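Below you'll find the structure, written out as structure tokens, and then a few comments.
Counting starts at 1 for both ligands and their atoms, in listed order. Residues take their numbers from the sequence shown, with the count starting at 1. A quick note: this is a predicted structure, and the numbers were derived from the prediction, not measured.
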Amino acid sequence: MKDRIDTLRQQLDHHNYRYYVLSQPEISDREYDRLMRELIDLEEQHPQYADPNSPSQRVGNDSTNTFRQVPHRFPMLSLANTYSMGEVAEFNDRVVKEIGREVEYVCELKFDGTAISLTYEDGVLTRAVTRGDGTAGDDVTANVRTIRSIPLRLRGEGYPPFFEIRGEIFMPHASFNRLNAEREEIGEAPFANPRNAAAGTLKLQNSSVVAQRGLDSYLYDLTSNPMPAPDHFQTLELARSWGFKISPQMEKCRSMADISRFIARWDRERADLPYDTDGVVIKVNAYQTRRQLGHTAKAPRWAVAYKFKAEEALTELLSVDFQVGRTGAVTPVGNLSPVQLAGTTVKRASLHNEDQINLLDLRLHDWVYVEKGGEIIPKVTGVELSRRPTGSVPFRFITHCPACGALLEKPEGEARHYCPNQGHCPPQIVGRIVHFISRRAMNIDGLGEETVQLLYENGLVQNVADLYTLKKEELAALPRLGDKSAENILKSIEASQAVPFARVLYAIGIRFVGETTAKNLALHFRSLDGLLRASEQELTEAEEVGQTIAESIGRFLADPENRTILDRLRGYGLSFEQSETRLASDALAGLSFVISGTFEHHSRDELKALIEAHGGKNLAAVSSNTTYLLAGAKAGESKLAKAKKLGVRLLSEDELIKMLGDAPRPVAEPEPISTETESAPKPQQGFLF
Ligand code: IVH
């Protein structure tokens, strides 16, 4: 019986590949269904042969997914964007200058979906993780298993025993249109675009629903040690032979003229593709050359994205609203006569700020051009003067806050107006609380914007600390909430006490302190007290913290109201200390390091944390006590000279990683917030290439 099951699985895998990857089916849908039915029946009768990689599992299951946060083995970077051939030429010039000769590129389409990282061990899919913040993402393996073009088991031979392949999951137009039609029929809000639909679907709790949504994939980046081929193009061709869906549009380009032709062609022909693309990605082909170029903290230096010009629509500006955000920034938003743009209806568009309005000389009832950028709300980019109504007058920006009436301020050197009434302006208060509870911050998921608004209107919360004094009866008595939701809210508020320090720091909403800065600050200063003790000068010693950020932090921490809130939060048990990474090994015991320059895979603060976690010591300056100078790109000249003079050995990032050998690699941040225990990460010696 096991034999028949195996045969059916092989046959179905094969037909699945023919249909979903090659689009060349060999049998009818009916025949396919018949084989599948037989397999499902046999598997039901013989549960001892169950296998999560069986093609029958593609239908998903109804159990509720919880998404564990898992660290990426190496960061999922983004790409630098360019918007003109001139900028692409500048990129090529930089590459040629650095390498000293012309290089070969691979041009690919830039798929407009959501990035995914897949891990294969011995030819079997073992893990699928979303990009998340680039350092850690959500484990969405159960959902990804239902995507038919993603192989659960590899075909062919010669694939590395352990590798990671990254790519894009997207929703083809046909699936998107069907899904939105269904949603509208049952009265649910349609998705704004296929990208949102793909991202939303991947996060669904029920994988059997995911299975029905018709997601698809293209994979475009494989990493293993050693790499299966010396360049990207050959690697992807191999990946294709192992059953992955690799874009047929990928092309080698040997000159700017080749690149320019590829871009021009796909800018025209993308309209005929059955899925969305928003540009072209230009990548250096040879891995050796890529290594020479390295990358910045955010993006590789060996690749660049060229973004297609967004589609435009022309419509009438009916009126202007002013929105006040959590920082008090006032954004003018235009209400438009509804117009179709890139497949969706647009009714509102951002007008940016007063300067932009003046620059466009925008007037009420003007006909305006709207464009969709990456943001949800489109923007007004121009005025069609030939259709300007006679007698119109220039538009006047407001002088007072539309929410609280305070006189607006426009700080020197800034384009935006701000409402200074931080403590008492309702949208600012609500906005700060909404930011605090958001997923990337405290992740208090029982609460949403509407409920926060309700809590505020009913006088239950005035600031983020008040969340921790909410009582069940108070919550349950609010309209639309009952006992059950009240309990859920309190549970998720309580669970937020386990959120690590870096995210708390991000959550409290210091201006200019985004997720990365918060992480760097947490790694550098280790605790709130450490931050409070730091002078503005000392603050700038943390990675990527400049004068503006330091001043903003200083101002925030000096404010008595903020201090009271922080004291209260500390009292309610929130983490205000960076949890000490357990000593992962003593591989570096007795060694001391000075770090200088920028690195391919880790930020300096991450490397410092790594060194400490393995028993090593970080020193600020090179001296005779220094064992190694860990030198990256653009390492300080004086440090290098001193090291040479004192005979201090130079070490590269890869060499450091090698020294850690099989020792487990702790991940400093973010820690998993779920209570489930993590399985030990695989040893990663030399995995980073
Ligand atoms: S390569 C280190 N290739 O664009 C570079 N990215 O802005 C890894 N994307 O997050 C990315 N199509 O989600 C690459 N052919 C392609 C792509 C592509 C779409 C997305 C990807 C990435 C984003 C970068």
Side-chain angles (χ1 to χ4, degrees), residues 72-83 87-88 91 95 105-118 128-138 140 144 149-150 163-172 193-199 202 215-223 227 231-233 235-237 239-240 244-253 259 262-263 266-267 270 273 275-287 289-291 293-308 310 373-375 599-602 688-689:
H72 291 299
R73 293 190 184 85
F74 51 100
M76 277 183 93
L77 300 174
S78 53
L79 292 168
N81 286 328
T82 60
Y83 298 89
E87 286 177 90
V88 177
F91 160 75
V95 170
Y105 295 102
V106 174
C107 282
E108 295 167 20
L109 294 179
K110 187 167 187 298
F111 308 103
D112 199 6
T114 178
I116 195 78
S117 148
L118 309 173
V129 184
T130 60
R131 179 173 189 279
D133 64 0
T135 37
D138 286 320
V140 290
V144 166
S149 60
I150 291 185
F163 68 92
E164 191 167 330
I165 188 163
R166 294 177 173 180
E168 201 83 354
I169 295 197
F170 58 90
M171 190 174 280
N193 53 49
R195 175 171 13 100
N196 289 359
L202 214 49
L215 291 177
D216 205 343
S217 67
Y218 274 124
L219 284 311
Y220 48 63
D221 189 48
L222 186 150
T223 308
M227 294 298 281
D231 70 39
H232 176 65
F233 197 87
T235 300
L236 289 192
E237 287 298 345
R240 193 199 303 282
F244 291 106
K245 191 160 168 177
I246 307 293
S247 169
Q249 276 84 30
M250 165 176 87
E251 247 176 59
K252 282 194 226 170
C253 289
I259 296 175
F262 185 92
I263 291 179
W266 288 106
D267 199 3
R270 70 188 169 118
L273 293 170
Y275 46 81
D276 276 0
T277 57
D278 60 345
V280 164
V281 185
I282 303 134
K283 304 173 177 177
V284 167
N285 192 17
Y287 293 133
T289 317
R290 286 189 181 186
R291 267 191 291 267
L293 291 161
H295 60 68
T296 67
K298 294 206 176 76
R301 291 201 182 85
W302 44 259
V304 78
Y306 170 89
K307 302 272 274 193
F308 294 133
E375 309 80 31
F599 298 86
E600 257 198 72
H601 299 293
H602 298 277
L688 311 173
F689 77 106

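With sequence neighbours left out, Ser247 forms a side-chain hydrogen bond (donor to acceptor under 3.5 Å, both in side chains) with Gln249.
With hydrogens and angles disregarded, a donor-acceptor distance shorter than 3.5 Å links the side chain of Arg131 to the backbone of Met76. Judged purely by atom type and a 3.5 angstrom limit, Asn285 uses its side chain to pair as donor or acceptor with the backbone of Phe233. No side-chain donor-acceptor contact under 3.5 Å links Asp138 to the backbone of Val140.
Two residues are said to be in side-chain contact when any heavy atoms from C-beta on lie closer than 4.5 Å; Leu273 and Leu109 meet this criterion.
A side chain to side chain donor-acceptor pair (under 3.5 Å) with Tyr220 holds for exactly one of His232, Lys110, Glu168; it is Glu168.
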Output block, N or O contacts of ligand 1, threshold 3.5 Å exclusive:
| residue | atom | partner | partner atom | Å |
| --- | --- | --- | --- | --- |
| ligand 1 | 3 (N) | Lys283 | NZ | 3.0 |
| ligand 1 | 4 (O) | Lys110 | NZ | 3.3 |
| ligand 1 | 7 (O) | Leu79 | N | 3.4 |
| ligand 1 | 9 (N) | Tyr220 | OH | 3.4 |
| ligand 1 | 12 (N) | Phe111 | N | 3.0 |
| ligand 1 | 13 (O) | Glu168 | OE1 | 2.6 |
| ligand 1 | 13 (O) | Glu168 | OE2 | 3.4 |
| ligand 1 | 13 (O) | Tyr220 | OH | 3.2 |
| ligand 1 | 15 (N) | Glu108 | OE1 | 2.8 |
| ligand 1 | 15 (N) | Leu109 | O | 3.0 |

